[in-house]
Every structure is written in structure tokens, then in C-alpha cells.
Amino acid sequence: MKIVSTFAVVEESLYSVLFDTEVNSVDDNGTTISQEQLHEFRRLFDFWNDPIRLRAFFEEHEEDLKDDYWEGITIDEAIEKTRKEAKELEAILLEYAEAGKTIRLQNLSMLFKPLSDGKIEKEFEKDKAKVDGKKKWIRLYAIRIDANLFVVCGGAIKLRKTLNDRTYLLKELEKLEITRDSLLDEDSDVLDFVEL
């Protein structure tokens with residue numbers, strides 16, 4: 001997997017990468033149809049707002065959903081919770097990304113926090129953003145370049161305590177590492193929108 005392009009979600013503030021992963025679906029006749037790829041920010045928010053794809057996700061991960069921590073939430077309730085959380089997270093991200101251009105005390109660094117508690121990287125910190133509150137499960141992952149400059153490179157519905165024990169979560173960690181490595185690589189021009 002590699003980054004093929006970068007898109008501005010909010011110019012000079014919030015960017016998103018497009019990976020070279022293939023996106024295909026199968027029609028009713030069993031024919032593979034290639035779909036237009038989406039950068040990570042759009043891909044994630046489209047997914048988190050799609051009740052059909054969310055149902056499939058929660059059916060596949062129903063055992064995690066049945067954990068006592070989630071207090072018996074049903075799949076239908078999980079879908080509604082996810083869609084509500086996604087709308088709230090997208091709205092606040094866009095608001096802070098725009099405001100952070102002119103208001104010092106309202107920028108993206110107020111939303112994004114280091115991925116690992118207590119581990120702060122000197123350069124291109126791996127961060128996560130989520131909606132404030134208890135039992136919120138949507139995570140948006142990004143690399144911090146400056147106080148109000150982030151590159152979104154993944155996200156997930158995090159039903160488990162750690163990212164290290166589910167394949168779909170490990171993939172998000174890999175995307176963070178690929179994006180950070182690209183930023184650190186002086187010969188890479190994929191992320192050259194940023195004045196480093």
C-alpha cells in the first residue's frame with residue numbers, strides 16, 4: 001500500500017491521503033465493477049453514514065459489539081450511534097480546521113490527541129480525533145504537522161480497547177506509519193503540499 005495523492009479537505013489546514021488500494025464491487029451478474037477511489041476522509045465519513053455498510057460491519061464484528069462494555073447495544077442502535085457520532089465529528093473537524101486559520105485558541109490540535117498516551121513524537125506525531133464523551137467509538141487517525149495542519153490517513157470504529165488485536169485496526173496503524181514515513185522521506189513528493 002502506498003499514497004498516490006493528497007486532497008485538501010480544508011485548504012491550508014486539513015488534508016487527506018488517497019492510498020493505492022483497489023475498490024471493487026460485484027454486480028448481480030457476478031461481474032467485478034471498479035469504483036472510483038476516495039481519499040481517507042471522504043471514504044470514512046461515507047462509510048460511517050451508510051446504514052447498509054454499517055450493518056454488514058456490525059454483523060461481522062457482532063462478538064465485539066456484544067462485549068459487556070457496550071451494554072447490550074443492538075445492531076440497529078449501533079448504526080444510529082455511529083451515524084450520529086460521524087455527523088458530529090465531521091462538523092466539529094471542519095469548524096476547527098477553518099477557525100484555526102485565524103483563531104489561535106480554536107484549532108485542530110484541540111481535537112487531535114497523541115495516538116499513544118504518554119508517547120509524544122518530536123516530528124509528525126501520530127494522532128487520533130474523536131467526539132468528546134463516554135463510549136464514543138469512531139476514531140479518525142492523522143499525522144500532525146503543525147497546530148492546525150493535519151493529514152488524515154485512516155480511521156475506524158474502535159470496538160476494542162487496543163488497536164493491536166483486529167486485522168481492520170492493524171491496517172489503520174499501517175496507514176499511519178506509511179503516511180508518517182512519506183512525510184519523513186525527503187525524496188517523496190506525494191505530500192509536498194506542505195512547506196516542511
Side-chain angles (χ1 to χ4, degrees), residues 1-58 60-61 82 86 89-90 93-94 97 108 111-112 114-116 121 123-130 137-146 148-160 162-196:
M1 181 181 340
K2 68 178 185 173
I3 297 170
V4 294
S5 192
T6 309
F7 295 85
V9 177
V10 175
E11 199 69 50
E12 300 175 17
S13 186
L14 187 62
Y15 291 83
S16 180
V17 297
L18 171 67
F19 289 100
D20 66 350
T21 55
E22 235 180 83
V23 180
N24 293 315
S25 62
V26 178
D27 68 13
D28 294 338
N29 299 321
T31 306
T32 300
I33 303 168
S34 181
Q35 297 179 345
E36 183 180 330
Q37 290 180 290
L38 300 172
H39 60 79
E40 288 299 293
F41 187 90
R42 186 53 26 224
R43 180 189 71 78
L44 289 161
F45 282 100
D46 283 359
F47 167 58
W48 293 333
N49 283 292
D50 184 332
I52 294 168
R53 290 174 28 206
L54 287 173
R55 179 169 302 283
F57 173 84
F58 287 119
E60 182 179 346
H61 301 285
T82 303
L89 182 59
E90 185 174 17
L93 280 164
L94 296 175
L108 288 172
L111 301 176
F112 282 97
L115 184 64
S116 301
E121 293 159 334
E123 197 174 25
F124 306 127
E125 180 179 87
K126 296 179 217 169
D127 286 349
K128 64 186 172 197
K130 66 178 188 150
W137 57 34
I138 287 182
R139 301 290 186 277
L140 192 67
Y141 302 118
I143 301 295
R144 180 187 192 274
I145 296 169
D146 203 354
N148 197 52
L149 185 55
F150 286 78
V151 180
V152 173
C153 51
I157 298 171
K158 187 173 174 261
L159 300 174
R160 311 275 298 170
T162 179
L163 289 171
N164 299 323
D165 62 358
R166 290 292 182 262
T167 304
Y168 75 98
L169 295 172
L170 287 169
K171 186 177 178 181
E172 299 311 310
L173 287 175
E174 180 185 0
K175 290 177 185 177
L176 273 163
E177 202 58 48
I178 289 168
T179 306
R180 186 169 190 271
D181 289 348
S182 291
L183 285 163
L184 288 168
D185 181 0
E186 293 177 9
D187 294 331
S188 174
D189 61 355
V190 176
L191 299 168
D192 65 357
F193 63 92
V194 180
E195 297 292 328
L196 301 176

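Residues take their numbers from the sequence shown, with the count starting at 1.
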Heavy-atom side-chain contact between [X] and [Y] under 4.5 Å:
X     : Y      : value
Asp50 : Asp46  : no
Phe41 : Leu140 : yes
Leu89 : Leu111 : no
Leu38 : Phe45  : no

Step-by-step side-chain contact (heavy atoms from CB on, under 4.5 Å) determination, Tyr141 to Leu44: CA-CA 11 Å; Tyr141 302 118; Leu44 289 161; over 6 Å; no

Kindly write out the residues that satisfy side chain to side chain contact (heavy atoms under 4.5 Å, CB included) with [X], not counting sequence neighbours, or none if the list is empty.
X      : result
Arg55  : Glu59, Ile75, Asp76, Ile79
Ala8   : Glu11, Tyr15
Asp146 : Leu149
Lys175 : Met1, Phe19, Glu40, Arg43, Lys171, Glu172

Between atom [atom1] of [X] and atom [atom2] of [Y], what is the distance when rounded to the nearest 0.5 Å?
X      : Y      : atom1 : atom2 : result
Phe57  : Phe47  : CZ    : CZ    : 5.5 Å
Lys158 : Arg139 : NZ    : CZ    : 5.0 Å
Glu90  : Trp48  : CD    : CH2   : 9.5 Å
Asp181 : Glu174 : CG    : CD    : 10.5 Å
Ile145 : Leu108 : CD1   : CG    : 11.0 Å
Thr82  : Ile157 : OG1   : CD1   : 4.5 Å

Trace of the side-chain contact (heavy atoms from CB on, under 4.5 Å) decision for Val10 with Leu93: CA-CA 10 Å; Val10 175; Leu93 280 164; over 6 Å; no

Any donor-acceptor N/O pair, Asn148 side chain to Ala97 backbone, under 3.5 Å: yes

Short side-chain to backbone donor-acceptor contact, Asp127 and Ala142, under 3.5 Å: no

Salt bridge (Lys or Arg N to Asp or Glu O under 4.0 Å) assessment of Glu123 paired with Arg180: CA-CA 9 Å; Glu123 197 174 25; Arg180 186 169 190 271; 6.0 Å; no

For Glu12, all residues meeting side-chain hydrogen bond (donor to acceptor under 3.5 Å, both in side chains), sequence neighbours excluded: none

Contacts of type side-chain hydrogen bond (donor to acceptor under 3.5 Å, both in side chains), residue Glu60, not counting sequence neighbours: none

Closest approach of Asn49 to Ala86 (non-hydrogen atoms, all atoms of both residues): ND2-CB, 4.0 Å

Minimum heavy-atom distance Val9-His39, with the two atoms named: CG2-CE1, 4.1 Å

Worked verdict on Trp137 versus Phe58 for ring pair (Phe, Tyr, Trp, His ring centres under 6.0 Å): CA-CA 13 Å; Trp137 57 34; Phe58 287 119; 5.5 Å; yes

Verdict with reasoning, Arg42 to Phe7, per side-chain contact (heavy atoms from CB on, under 4.5 Å): CA-CA 10 Å; Arg42 186 53 26 224; Phe7 295 85; over 6 Å; no

